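A short write-up of the structure that comes next.
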Protein chains: 2
Amino acid sequence: MRLSEGVEWAVHCCAILALLPPEATLPAARLAEYHGVPPAYLAKHLQALSRAGIVTAEPGAKGGYRLAKPATAVSVLDVVRAVDGAEPAFRCMEIRQRGPAALPTSEYRQACAVTKAMARAEAAWRDALRSETIADLVAVVGRETPPAAVTKAAAWFQEVLH
Amino acid sequence: MRLSEGVEWAVHCCAILALLPPEATLPAARLAEYHGVPPAYLAKHLQALSRAGIVTAEPGAKGGYRLAKPATAVSVLDVVRAVDGAEPAFRCMEIRQRGPAALPTSEYRQACAVTKAMARAEAAWRDALRSETIADLVAVVGRETPPAAVTKAAAWFQEVLH
DNA sequence: GTCCCTATACTCGGATAGCAAGTGTCCGAGTATAGGCGG
DNA sequence: CCGCCTATACTCGGACACTTGCTATCCGAGTATAGGGAC
């Protein structure tokens, strides 16, 4: 089981966008440059965030991306689902309905116990991600990041910000 | 994010093996036949369960697989980790250490907030799977399965059991 | 009748192809900007 | 000097190759069994 690498990029990008002044935008190319990742591929994931309504895109010169909602209203789960998709990790193939001891489909009214157990676990995972917002992450980063990094980042933003 | 299909097969196989009389074994080919899945591919996953110490394999004629531990001592998490691997779904690539605002590696002592949040969510997922044992699943199945299916399965086992 | 030996058939185990999804990249459509021109 | 128009440059958005890892398969090594033969 492996989560798409783009999820990490997307969450970090949301955290950066949350730090921007209101109404300011940052192009995908700058976000990619800041994180040291391929610009074209990051753009693909930012498009997914845009489709999900997490960020809004300003087209044209001096355009770029901005958070569509307050950082307190964007959970990590929102970002994960936007990039990685909403399908569950465990897909029940109903193998109990196959083989020599199978019954007609109409006999299986309850979801099988395996599926239920997996669904409970995934629900716990989603709950944990839902309870954490981008604003929470930003707060933690601001508390734990060395001041040197903050000033360095702030200086860089001054140059590229739209 | 997608869990290997073999996980579903492996859990179902463990549940079947838990129903067997003590010391009885069932070959991989019969387990595959019962579930209607490719025998060779299922064998691969059963090997993983064997390596993990969840089942033991009896070689030779009249051989097969048997649970290595009581069903109450095998959690669903054990099976998932045996088949799917123990690596976390989210792998932090430390992209914060890249780009124009990066600092020397020695400055990053804390794990980044994104990684921590993801780790918490995965811990919740694992906890949920760890709290469920194969014995629990068997109990639920025995309670919810129609009697017709139980007798049909029992008859089939009588024929193929070693 | 009992014991031993041998050949057999069946089991698991690891090494080997095929395919799908994620990874990475590119080019085209659209828009706000900046400069030049006319009034 | 001010307003308008046009050309430009930059942005996002979706469509196109490539690579890794999951899916699927096969064949070889090893062992308990079953049968036959000798005592």
Side-chain angles (χ1 to χ4, degrees), chain A residues 1-10 13 17 23-33 35-66 68 80 82-85 87 89-91 93 95 160-162, chain B residues 1-10 13 17 23-33 35-66 68 80 82-85 87 89-91 93 95 160-162:
Chain A
M1 189 174 54
R2 206 178 145 183
L3 208 52
S4 166
E5 193 179 2
V7 169
E8 182 181 6
W9 304 355
C13 285
L17 292 179
E23 302 299 307
T25 64
L26 204 56
R30 295 292 153 276
L31 281 168
E33 185 184 353
H35 291 114
V37 298
Y41 191 28
L42 177 63
K44 191 182 184 66
H45 295 306
L46 289 172
Q47 286 165 28
L49 292 180
S50 176
R51 273 193 295 270
I54 295 173
V55 303
T56 55
E58 291 291 331
K62 305 280 181 180
Y65 287 99
R66 130 183 53 236
V80 170
V83 174
D84 196 65
E87 288 195 14
F90 181 86
R91 274 97 142 175
M93 292 298 174
I95 63 174
V160 301
L161 206 59
H162 281 183
Chain B
M1 188 173 55
R2 203 179 146 182
L3 209 50
S4 167
E5 193 178 1
V7 169
E8 181 181 6
W9 305 356
C13 285
L17 292 180
E23 302 299 307
T25 64
L26 204 57
R30 296 292 153 277
L31 281 167
E33 184 184 352
H35 291 113
V37 300
Y41 190 29
L42 177 63
K44 190 182 184 66
H45 295 306
L46 289 172
Q47 287 166 28
L49 292 180
S50 175
R51 273 194 296 270
I54 295 173
V55 302
T56 55
E58 292 291 332
K62 305 279 180 183
Y65 287 100
R66 130 182 53 236
V80 170
V83 174
D84 196 66
E87 288 195 13
F90 181 86
R91 275 98 141 174
M93 292 299 175
I95 62 174
V160 302
L161 207 58
H162 282 181

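Any value given below was found using the heavy atoms of this structure, including those in side chains, with hydrogens, waters and symmetry copies removed. Keep in mind that what you see is a predicted model, and the values were worked out from it rather than measured. To find a chain, count down the sequence lines: A is the first, B the second, and so on, and within it residues start at 1.
- The structure places CG of B/L46 at 7.5 Å from CG of B/L17, a figure rounded to the nearest 0.5 Å.
- When the C1' atom of C/dG22 is taken as reference, atom CE of B/M93 falls 13 Å away, rounded to whole Å.
- Atom CG in A/L42 sits about 18 Å away from atom P in C/dG22, given to the nearest Å.
- Here the NE2 atom belonging to B/H35 is positioned 8.0 Å from the CG atom belonging to B/L42, to the nearest 0.5 angstrom.
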Kindly give the atom pairs (protein nitrogen or oxygen, nucleotide nitrogen or oxygen) under 3.5 Å for nucleotides 15-20 of chain C.
none

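- Of the two residues contacting DNA chain C, namely B/P59 and A/E58, the nearest-nucleotide position lying further toward the 5' end is that of B/P59.
- Interatomic distance, B/D84 CG to A/M1 CE, rounded to the nearest 0.5 Å: 6.0 Å.
- Using a 4.0 Å heavy-atom cutoff across all strands shown, B/G64 reaches sugar-phosphate atoms only and no base atom.
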Practice item. Show your reasoning for whether side-chain contact (heavy atoms from CB on, under 4.5 Å) applies to A/H45 and A/C13. Key: CA-CA 10 Å; A/H45 295 306; A/C13 285; over 6 Å; no
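- Using a 4.0 Å heavy-atom criterion, one finds that A/A28 contacts the sugar-phosphate atoms exclusively.
- Of the residues near DNA chain D, A/M1 and A/A57, the one whose nearest nucleotide (by heavy atom distance) lies more toward the 5' end is A/A57.
- In this structure, the separation between CG on A/L31 and CD on A/E33 is 10.0 Å, given to the nearest 0.5 Å.
- Applying the side chain to side chain contact (heavy atoms under 4.5 Å, CB included) test to A/R2 and every residue at least two apart in sequence or in another chain returns B/R91.
- Chain A approaches DNA chain D within less than 4.0 angstrom (heavy atoms of the protein), and the contacting nucleotides run 5' to 3' from D/dC10 to D/dG21.
- Every residue two or more places apart in sequence or in another chain that forms a side chain to side chain contact (heavy atoms under 4.5 Å, CB included) with B/P38 is listed here: B/W9, B/Y41.
- For the contact set between residues 46-56 of chain B and DNA chain C, defined by any heavy atom under 4.0 Å, the members are B/Q47, B/S50, B/R51.
- The two atoms that bring B/G6 and B/V83 nearest to each other are C-CG1, 3.9 Å, heavy atoms only.
- Atom CE of B/M93 and atom CD of A/E5 lie 4.5 Å apart (nearest 0.5 Å).
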Would you give me the side-chain donor-acceptor pairs under 3.5 Å for residues 47-66 of chain B, sequence neighbours excluded?
residue, atom, partner, partner atom, Å
B/E58, OE2, B/R66, NH2, 2.8
B/R66, NH1, B/E23, O, 2.6

